[in-house]
Amino acid sequence: MTSLVLVTGGTGTLGRLVVPALRDAGHAVRVLSRRARDSGDGVDHVTGDLLTGAGVEPAVDGAEVIVHLAGGPKGDDEATRNLVRAASRAGVRHLVYISVIGADRVPLGYFRAKLGAEQAVAASGLPWTTLRAAQFHDLVLKVVRQMARLPVVPVPGGLRFQPVDARDVADRLVGLTLGEPSGLVPDLAGPRVYGLGDLVRGYLAAAGRRRPTLPVRMPGKAGRVYRAGGNLSLEGADLGGRTWEEFLAERLR
Ligand SMILES: NC(=O)c1ccc[n+]([C@@H]2O[C@H](COP(=O)([O-])OP(=O)(O)OC[C@H]3O[C@@H](n4cnc5c(N)ncnc54)[C@H](OP(=O)(O)O)[C@@H]3O)[C@@H](O)[C@H]2O)c1
């Protein structure tokens with residue numbers, strides 16, 4: 001049966017992978033974005049802003065399922081509360097949310113906002129599914145590229161990551177969207193654990209660049225939580241198949 005799926009964040013890194021897959025699975029797809037875009041190819045674009053609430057009611061109108069992928073460095077809790085309010089009134093039958101591994105542990109604003117957003121989803125009264133994913137390869141590449149612009153790259157010691165490919169996250173989310181509401185499902189991390197220094201050096205080698213690295217210490221409570229692996233999911237997580245090395249080889253080809 002064809003149902004209308006609203007994808008918030010359908011224009012982002014993850015959303016651009018999820019939207020065509022849902023359309024190809026036979027759904028009518030509506031994408032909410034802050035900027036006007038042309039509709040076509042079985043995807044309808046509507047304009048709205050989850051932080052101000054503008055355009056959110058018409059965006060959710062008629063949607064049976066919402067896949068909520070919109071996010072930014074700040075305000076995901078507030079944006080999600082605005083979405084949930086409108087979705088509850090519209091009688092949505094499944095709300096799917098993407099969060100981040102460590103949302104309940106890492107004492108940084110982004111993670112706190114993701115936890116607030118998770119709580120808004122769970123308290124919405126709507127049937128829901130939330131997936132916590134690790135950092136996407138695309139984000140890690142952006143960060144290490146930025147770091148490698150310095151003549152000497154400072155690398156906070158003891159920080160580890162399990163980067164995951166956005167394509168693996170998209171596949172998982174599409175499966176969850178097509179299935180029944182499942183609450184908080186097992187985390188999705190990448191197939192390997194890397195020190196931040198390994199990620200930087202892997203990038204430098206793949207890019208054919210040389211830079212010395214300098215060990216530094218990440219201060220404060222956040223540093224302690226990271227060093228203790230609070231951003232990792234080492235037990236019970238599902239693992240994506242694509243590695244950081246494969247991603248780098250494709251991207252830097
Ligand atoms: N990147 C990661 O490593 C990672 C890891 C775990 C979880 N996540 C979560 O996965 C989701 C997608 O991440 P991504 O990397 O694909 O993000 P992204 O590429 O930065 O895209 C962000 C998306 O959110 C939309 N958006 C931002 N603010 C909005 C607002 N106020 N109203 C409506 N739409 C808004 C943007 O749409 P327009 O610009 O078109 O308006 C865009 O489509 C986010 O919730 C993020 O927290 C990401």
Side-chain angles (χ1 to χ4, degrees), residues 1-35 37-50 55-56 59-60 62-72 76 79-80 83-84 86-87 92-101 103 114 117-118 121 126-142 163-190 237-242 247 250-251:
M1 192 186 68
T2 305
S3 55
L4 176 62
V5 182
L6 170 69
V7 184
T8 76
T11 56
T13 303
L14 181 59
R16 283 196 301 268
L17 301 167
V18 167
V19 165
L22 289 173
R23 182 202 52 204
D24 295 349
H27 290 282
V29 181
R30 180 186 289 162
V31 167
L32 172 71
S33 166
R34 288 165 297 180
R35 269 166 297 147
R37 290 164 200 263
D38 290 337
S39 294
D41 255 357
V43 178
D44 183 27
H45 283 266
V46 297
T47 310
D49 188 326
L50 289 168
V56 178
V60 300
E64 278 190 52
V65 177
I66 297 180
V67 184
H68 177 33
L69 311 178
D76 281 4
T80 303
L83 177 68
V84 157
V92 166
R93 73 167 175 76
H94 190 185
L95 173 59
V96 180
Y97 182 55
I98 181 75
S99 186
V100 64
I101 293 173
K114 295 303 280 184
E118 285 185 10
V121 167
L126 297 167
W128 58 278
T129 302
T130 290
L131 171 68
R132 290 177 177 162
Q135 280 66 44
F136 306 164
H137 288 147
D138 308 77
L139 176 69
V140 175
L141 178 58
K142 200 167 147 189
V164 66
D165 202 280
R167 290 166 291 187
D168 290 326
V169 181
D171 289 349
R172 180 76 191 285
L173 274 172
V174 169
L176 292 168
T177 303
L178 301 180
E180 293 302 312
S182 304
L184 184 64
V185 297
D187 296 346
L188 181 62
D238 290 333
L239 302 180
R242 296 169 174 98
F247 170 84
E250 280 176 28
R251 263 320 150 84

**Q** Which value, rounded to the nearest 0.5 Å, describes the distance between Arg167 atom CZ and Glu250 atom CD?
**A**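 Going from the CZ atom of Arg167 to the CD atom of Glu250 covers 4.0 Å.
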**Q** Do side-chain atoms of Arg30 reach the backbone of Ala59 as a donor and acceptor pair under 3.5 angstrom?
**A**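 Such a contact is found between Arg30 side chain and Ala59 backbone.
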**Q** Would you say the side chain of Asp38 lies within less than 4.5 Å of the side chain of His45, judging by non-hydrogen atoms?
**A**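 In short, these two side chains do not touch, never coming nearer than 4.5 Å.
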**Q** Give a yes or no answer on whether the side chain of Ser182 reaches the backbone of Glu180 with a donor-acceptor pair at less than 3.5 Å.
**A**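 Checked: pair present.
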**Q** In Å and rounded to the nearest 0.5 Å, what is the CZ to CD1 distance from Arg132 to Ile101?
**A**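 Between Arg132 CZ and Ile101 CD1, I get 9.0 Å after rounding to 0.5 Å.
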**Q** Can you tell me how far the CG atom of Leu32 sits from the CZ atom of Arg37, to the nearest 0.5 Å?
**A**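 The CZ atom of Arg37 is 10.5 Å from CG of Leu32, to the nearest 0.5 Å.
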**Q** Considering non-hydrogen atoms only, spot the tightest contact between Gly10 and Val31 and give its length.
**A**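 Scanning both residues completely, I find the closest heavy atoms to be CA-CG1, 3.8 Å.
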**Q** Please report the shortest heavy-atom distance between Ala134 and Gly190, naming the atom on each side.
**A**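 Looking at all heavy atoms of both residues, the shortest contact is CB-N, 4.5 Å.
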**Q** Any salt bridge between Arg34 and Asp49, counting N to O under 4.0 Å?
**A**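 Judged by the 4.0 Å cut-off on N to carboxylate O distance, Arg34 and Asp49 do not form a salt bridge.
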**Q** What's the verdict on side chain to side chain contact (heavy atoms under 4.5 Å, CB included) for Val185 and Arg172, showing C-alpha distance, side-chain angles and the deciding distance?
**A** CA-CA 11 Å; Val185 297; Arg172 180 76 191 285; 3.6 Å; yes
**Q** Between the side chains of Thr80 and His68, does any donor sit under 3.5 Å from an acceptor?
**A**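 On atom types as modelled, these side chains qualify, holding a pair under 3.5 Å.
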**Q** Before giving the answer on side chain to side chain contact (heavy atoms under 4.5 Å, CB included), spell out for Asp138 and Arg251 the whole-Å C-alpha distance, their side-chain angles and the decisive distance to 0.1 Å.
**A** CA-CA 9 Å; Asp138 308 77; Arg251 263 320 150 84; 3.0 Å; yes
**Q** Do you know which two heavy atoms are closest between Ala86 and Val56, and how far apart they sit?
**A**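 Closest heavy-atom pair between Ala86 and Val56: CB-CG1, 3.8 Å.
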**Q** When rounded to the nearest 0.5 angstrom, what is the spacing between CG in Leu22 and NE2 in His27?
**A**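 One gets 6.5 Å once the value is rounded to the nearest 0.5 Å.
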**Q** Give me the atom names and distance for the closest heavy-atom approach of Glu64 to Val92.
**A**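 That would be O-CG1, 3.4 Å.
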**Q** For Ile98 versus Ala133, what's the shortest heavy-atom pair and its separation?
**A**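 For Ile98 and Ala133, the tightest heavy-atom pair comes out as CD1-CB, 3.9 Å.
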**Q** Report the distance from atom CZ of Phe136 to atom CG of Leu141, rounding to the nearest 0.5 Å.
**A**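 Atom-to-atom, Phe136:CZ and Leu141:CG are 14.0 Å apart.
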**Q** Hey, what do you get for CD1 (Ile66) to CG (Leu83), rounding to the nearest 0.5 Å?
**A**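 Rounded to the nearest 0.5 Å, the CD1-CG separation comes out at 5.0 Å.
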**Q** I'd like to know if the side chain of Arg23 reaches the main chain of Asp41, judged simply by a donor and an acceptor atom lying under 3.5 Å from each other, with no hydrogens or angles considered.
**A**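 A pair under 3.5 Å: yes.
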**Q** Does Asp168 use its side chain to pair, donor to acceptor, with the backbone of Arg242 at less than 3.5 Å?
**A**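 Side chain of Asp168 to backbone of Arg242: a pair is present.
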**Q** What's the shortest heavy-atom distance between Ala170 and Leu17, and which atoms?
**A**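 It is CB-CB, 3.6 Å.
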**Q** Answer with yes or no whether the side chains of Thr129 and His94 bring together a donor and an acceptor at under 3.5 Å.
**A**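 Looking only at side-chain atoms, Thr129 and His94 do form a donor-acceptor pair, the distance falling under 3.5 Å.
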**Q** Side chains of Ser99 and Glu118: do they bring a donor and an acceptor to under 3.5 Å?
**A**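 Looking only at side-chain atoms, Glu118 and Ser99 do form a donor-acceptor pair, the distance falling under 3.5 Å.
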